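No experiment lies behind these values; they were computed from the predicted model shown.
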Amino acid sequence: MPNAAAPASEGPDRTDGPLHVAIIMDGNGRWAAARGLPRAEGHRRGVEALRRVVRAAHELGILYLTIFSFSAENWSRPATEIGDLFGLLRRFIRNDLASLHRDGVRVRVIGERQGLEGDICALLNEAEELTRSNTRLNLVVAFNYGSRQEIANAAQRLAREVAQGKRDPASIDADALGQYLDAPDIPDPDLIIRTSGEQRLSNFLMWQAAYSELVFVPVHWPDFDKAALEGAIAEYARRERRFGGLAAAKTAS
């Protein structure tokens, strides 16, 4: 993803909605607990919410939708829950990939793949390869992802180039590091939404979020829908995005 000093929006007075929306899909377990259901049911309903939001993103003209599906920290959860999450991923790709492809969605995956089960890696590769030429919506899946590790990996690549005599240390700046992140061609998110009322990034897109608008909504992820997405976008539209400068003067209509 590009240097955070160059936000995805074309300027502080952008009024036509966010180009790139990223979502921390939080609250599946709490949604289930409030209904006396197993956590696995909350995750299953979360997949249904994802389907709704992908359709809504189409309809609202969003070009990039990034979802935080499995964090590097999620490995600390019980093995049974991890198994449920991976099972849902398998079923989602197997059942939904054809329709995503038909609808012009390009699937991108960011995060660590080393150490993942072979069939999971194969499914992720299949999703990316099948949809590579699609242009209607970029669905970026952050899977086994942690922003600190992503930044550390980029720094290691730059350090190796310096050690090999391929790069002058003085050439390393924000742009250089940004080019070695997981998806440097994807614009930084204009808007990051977190569901369930929590108000933190939790190691998600910390470099790319430098100029993002953050919207925290109280609804748990399984209940998130097009109306909730539209509400977050409306909040985004109400904000003045100055990026360190002055607000643009508004002309009378």
Side-chain angles (χ1 to χ4, degrees), residues 1-12 14 16-26 50 53-54 57 60-74 105-113 124 127-128 135 137-159 171-196 198-217 221 224 229 232-233 235-237 239-245:
M1 297 186 185
N3 175 15
S9 301
E10 295 179 357
R14 177 181 168 90
D16 55 343
L19 175 73
H20 182 178
V21 174
I23 304 178
I24 302 173
M25 306 181 297
D26 195 14
L50 175 58
V53 170
V54 170
L60 296 173
I62 294 166
L63 297 183
Y64 299 89
L65 175 66
T66 297
I67 58 167
F68 203 5
S69 66
F70 189 83
S71 77
E73 289 78 15
N74 286 156
V105 177
R106 181 180 181 184
V107 178
R108 306 280 297 274
V109 182
I110 60 174
E112 297 287 313
R113 301 198 197 184
L124 297 177
E128 289 189 308
T135 59
L137 171 69
N138 287 269
L139 176 61
V140 186
V141 181
F143 187 80
N144 195 26
Y145 173 85
S147 185
R148 287 179 173 178
Q149 188 60 51
E150 179 188 26
I151 296 168
N153 290 344
Q156 288 173 10
R157 292 178 63 185
L158 289 167
S171 73
I172 299 175
D173 56 13
D175 286 330
L177 193 147
Q179 287 302 310
Y180 281 174
L181 297 177
D182 284 355
D185 58 310
I186 295 175
D188 294 344
D190 298 289
L191 169 63
I192 297 178
I193 302 167
R194 181 167 186 155
T195 60
S196 84
E198 303 292 345
Q199 298 187 16
R200 56 182 179 272
L201 287 176
S202 294
N203 202 18
F204 180 56
L205 301 181
M206 294 190 298
W207 179 276
Q208 298 89 339
Y211 291 93
S212 302
E213 296 297 327
L214 308 180
V215 174
F216 304 104
V217 297
W221 176 247
F224 198 83
L229 179 59
I233 291 173
E235 171 61 27
Y236 164 88
R239 299 181 183 180
E240 289 184 344
R241 308 192 73 208
R242 296 188 294 271
F243 309 121

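- Within the 4.5 Å cutoff, no side-chain heavy atoms of Leu50 are placed close to those of Ile23.
- Taking 4.5 Å as the limit, every side-chain heavy atom of Val21 sits out of range of all side-chain heavy atoms of Tyr236.
- Residues Phe68 and Asn74 have side chains not in contact (no heavy-atom distance under 4.5 Å, counting atoms from C-beta outward).
- Ile186 is not listed as a side-chain neighbour of Gln208, based on a closest heavy-atom distance of 4.5 Å or more.
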Going through the distances and angles, do Asn153 and Gln149 end up as a side-chain hydrogen bond (donor to acceptor under 3.5 Å, both in side chains)? CA-CA 6 Å; Asn153 290 344; Gln149 188 60 51; 2.7 Å; yes
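- Between the CZ atom in Phe216 and the CD1 atom in Ile192 there is a gap of 8.5 Å [rounded to 0.5 Å].
- Residues Ile193 and Leu229 form a side-chain contact, since some pair of their non-hydrogen atoms from C-beta on lies under 4.5 Å apart.
- No side-chain donor-acceptor contact under 3.5 Å links Asp188 to the backbone of Ser212.
- Proximity of Leu205 to Tyr145: side-chain heavy atoms (C-beta onward) are separated by under 4.5 Å at one or more points.
- The backbone N or O of Val141 sits nowhere less than 3.5 Å from a side-chain atom of Ser69 that would complete a donor-acceptor pair.
- Annotation: the span from Met25 atom CE to Phe70 atom CZ amounts to 12.0 Å, rounded to 0.5 Å.
- Using a 4.5 Å heavy-atom cutoff, the side chains of Arg194 and Ser202 are in contact.
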